[in-house]
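Let me begin by presenting the structure, written as structure tokens, before commenting on it.
Order of the sequence lines sets the chain letters (A, B, ...), proteins ahead of strands, with each chain counted from 1.
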Protein chains: 2
Amino acid sequence: MCANAQTLSSGLEDYIEAIYIAHINNIPLKGADLARKLNISRASVSEALSKLVAKELIKYNSYETISLTKTGIEEAKKVYAKHHILKDFFETVLDINSDEAGENACKIEHIISQNILDKMSNFTEFYKKHKKRIETFKKEI
Amino acid sequence: MCANAQTLSSGLEDYIEAIYIAHINNIPLKGADLARKLNISRASVSEALSKLVAKELIKYNSYETISLTKTGIEEAKKVYAKHHILKDFFETVLDINSDEAGENACKIEHIISQNILDKMSNFTEFYKKHKKRIETFKKEI
DNA sequence: AAATATTGTAAGGCATGCCTAACACTTTGT
DNA sequence: ACAAAGTGTTAGGCATGCCTTACAATATTT
């Protein structure tokens with residue numbers, strides 16, 4: 001078996017997602033920052049970063065800022081999109097607050113099927129479009 | 001730390017759910033049956049059953065049929081209800097086929113918050129009630 | 001009742017993913 | 001430039017949850 005991943009473990013997905021969020025916000029990120037952000041020891045982060053380097057998803061040298069490779073960005077976008085679809089659905093359709101929606105999205109994003117996500121995304125868009133009308137139905141007795 | 005659980009690991013929830021399904025269908029279930037059903041070795045099932053016995057969720061003696069305690073039934077019902085809410089939502093609202101809905105429910109049921117499940121359940125009921133009308137919106141351009 | 005099949009368990013392993021402690025290296029502040 | 005603070009790595013551990021192999025105990029078949 002080669003070291004390059006076809007699939008990322010749920011843990012590694014969390015790492016790459018956090019790296020991506022820093023990336024799109026132009027926030028320089030080191031291992032120790034990641035450890036603080038994810039509430040994980042520096043040692044564990046160090047291991048995880050080595051794996052991501054081995055999979056060629058990030059570039060990283062000790063004491064420098066972590067950066068994503070092209071593949072890394074693609075992978076991260078996928079993970080982030082999943083997160084967003086779930087969070088948006090929870091907030092928009094189920095009226096869940098932002099924190100709870102985010103926490104649940106974080107966990108579910110790693111295991112839900114792409115097909116369901118696609119349908120969920122469509123449904124949220126549909127719901128937004130017709131929200132007013134649909135919600136009048138809720139007031140009926 | 002005492003051996004009795006406040007929370008069940010996702011694995012143990014799967015075991016107890018399978019045991020519950022046999023229970024409500026009056027199907028006698030032994031460890032080896034469970035192993036076949038869950039595609040897990042007899043050795044691993046044996047370990048898991050010991051844990052469930054320790055937590056007083058099942059009664060079990062070698063070579064006999066597994067049965068649930070009162071607490072076990074309560075726990076199982078909770079897990080099973082979660083499963084059902086998710087599956088029903090996927091099928092009814094997102095129009096996912098039974099297999100895919102079930103597989104995803106199996107994984108998500110262990111991690112989603114009760115609050116979201118409650119809202120999801122309400123939403124599914126609401127959707128069923130107004131399905132016809134809501135779906136006419138989908139045909140609009 | 002004996003042979004065969006099934007079931008259960010124990011021992012030892014493996015992978016994942018986290019931890020702490022200790023140490024090494026780098027950066028920063030004075 | 002040097003001390004202090006911050007960062008990274010290694011080693012050794014632990015827990016979970018699965019595996020295979022080998023054996024023990026029970027059930028079933030003939």
Side-chain angles (χ1 to χ4, degrees), chain A residues 1-19 22 27-55 57-68 75 79 103 106-111, chain B residues 1-19 22 27-55 57-68 75 79 103 106-111:
Chain A
M1 257 313 232
C2 82
N4 276 22
Q6 36 298 54
T7 16
L8 239 39
S9 74
S10 120
L12 291 188
E13 284 189 356
D14 286 336
Y15 287 108
I16 209 162
E17 190 175 2
I19 294 167
I27 296 168
L29 192 73
K30 294 198 231 180
D33 301 320
L34 209 41
R36 278 184 288 268
K37 191 161 299 194
L38 300 177
N39 252 303
I40 282 171
S41 72
R42 292 201 312 279
S44 299
V45 168
S46 178
E47 278 176 47
L49 292 181
S50 304
K51 289 184 194 164
L52 291 174
V53 168
K55 289 171 195 295
L57 297 171
I58 64 169
K59 270 178 260 174
Y60 174 60
N61 295 299
S62 298
Y63 307 99
E64 287 175 15
T65 290
I66 302 162
S67 68
L68 290 159
E75 278 308 307
V79 177
E103 281 162 26
C106 258
K107 294 183 267 172
I108 298 172
E109 69 194 30
H110 306 300
I111 55 178
Chain B
M1 256 315 233
C2 82
N4 276 22
Q6 32 305 47
T7 17
L8 240 38
S9 75
S10 124
L12 292 189
E13 284 190 356
D14 286 337
Y15 288 107
I16 209 162
E17 190 175 1
I19 294 166
I27 295 167
L29 191 74
K30 295 197 227 179
D33 301 318
L34 209 39
R36 279 185 287 268
K37 191 160 297 194
L38 300 177
N39 252 303
I40 282 171
S41 71
R42 290 200 315 276
S44 300
V45 168
S46 177
E47 278 177 48
L49 292 181
S50 304
K51 288 183 195 167
L52 290 174
V53 168
K55 290 172 194 298
L57 297 171
I58 63 169
K59 269 177 262 173
Y60 175 59
N61 295 299
S62 297
Y63 308 100
E64 288 176 12
T65 290
I66 303 162
S67 68
L68 290 159
E75 278 308 307
V79 177
E103 282 162 25
C106 259
K107 293 183 265 171
I108 297 173
E109 68 193 30
H110 305 300
I111 56 179

Completion exercise
Rounded to whole Å, CG of A:Asp33 lies from C1' of C:dT27 at a distance of 14 Å
Practice task
Determine the contact category for A:Asn39: base if any of its heavy atoms lies under 4.0 Å from a base atom, sugar-phosphate if only primed atoms, P, OP1 or OP2 are that close, otherwise nothing.
Solution key: sugar-phosphate
Problem - Between D:dG17 (C1') and B:Leu34 (CG): distance, integer Å - result: 15 Å
Practice task
Answer yes when A:Asp33 and A:Arg36 have at least one side-chain N-carboxylate O distance shorter than 4.0 Å, and no when they do not.
Solution key: yes
Exercise for the section: May I ask you to test the A:Glu17-A:Glu109 pair for a side-chain heavy-atom distance under 4.5 Å? Expected result: yes
Exercise for the section: Under 4.0 Å between any heavy atoms, over every strand shown, what does B:Ile40 touch: base, sugar-phosphate, or nothing? Just pick one. Expected result: sugar-phosphate
Problem - Under 4.0 angstrom between B:Tyr15 side-chain N/O and D:dC18 OP1 or OP2 - result: yes
Exercise for the section: Check whether any side-chain nitrogen or oxygen of A:Ser9 sits under 4.0 Å from OP1 or OP2 of C:dT16, and answer yes or no. Expected result: no
Handout entry: Contact under 4.0 Å: B:Ser44 side-chain N or O vs D:dC19 OP1/OP2
Key = yes
Practice task
Report the distance from atom CD of A:Glu64 to atom C1' of D:dG8, rounded to the nearest whole Å.
Solution key: 13 Å
Practice task
Determine the minimum heavy-atom distance between B:Ile111 and A:Lys107, stating which atoms define it.
Solution key: O-NZ, 3.2 Å
Handout entry: Below 4.0 Å: OP1/OP2 of D:dT16 and any side-chain N or O of B:Lys51
Key = no
Problem - d(CD, A:Glu13; P, C:dG17) in whole Å - result: 11 Å
Problem - Atom-pair distance (CG on A:Asn61; P on D:dT7), nearest Å - result: 17 Å
Problem - Below 4.0 Å: OP1/OP2 of C:dT27 and any side-chain N or O of A:Lys30 - result: no
Handout entry: Phosphate-side-chain proximity, B:Arg36 and C:dT7, N/O vs OP1/OP2 below 4.0 Å
Key = yes
Exercise for the section: Check each of A:Leu68, A:Ile19, A:Ile66, A:Thr65 against A:Tyr60 using the side chain to side chain contact (heavy atoms under 4.5 Å, CB included) test, and report the only one that passes. Expected result: A:Ile66
Practice task
Could you pull out the closest heavy-atom pair between B:Tyr15 and B:Ser44, with the gap in Å?
Solution key: OH-O, 4.0 Å
Handout entry: Sugar-phosphate only, base, or nothing, as touched by A:Ser62 at under 4.0 Å among non-hydrogen atoms
Key = sugar-phosphate
Problem - Between D:dT7 (C1') and A:Tyr60 (OH): distance, integer Å - result: 8 Å
Practice task
Assess whether one donor atom and one acceptor atom, taken from the side chain of B:Tyr63 and the base of D:dA25, lie less than 3.5 Å apart.
Solution key: yes
Completion exercise
B:His110 atom NE2 is separated from D:dT16 atom C1', nearest whole Å, by 15 Å
Practice task
Could you tell me whether A:Ala32 contacts a base, only the sugar-phosphate backbone, or nothing, with contacts defined as non-hydrogen atoms closer than 4.0 Å?
Solution key: sugar-phosphate
Completion exercise
Regarding the side chain of B:Ser46, the nearest nucleotide among C:dA11, D:dC18, C:dG8 is C:dG8
Practice task
Between B:Leu49 and A:Glu47, name the one whose nearest nucleotide on DNA chain C is closer to the 5' end.
Solution key: B:Leu49
Problem - Residue whose closest nucleotide on DNA chain C lies nearer the 5' end, B:Ser50 versus A:Ala43 - result: B:Ser50
Practice task
Take the protein atom CZ of A:Arg42 and the nucleotide atom C1' of D:dT7, then report the distance between them rounded to whole Å.
Solution key: 6 Å
Practice task
Kindly give the heavy-atom pair with the smallest separation between A:Gly31 and A:Leu49, and that separation in Å.
Solution key: CA-CD1, 4.1 Å
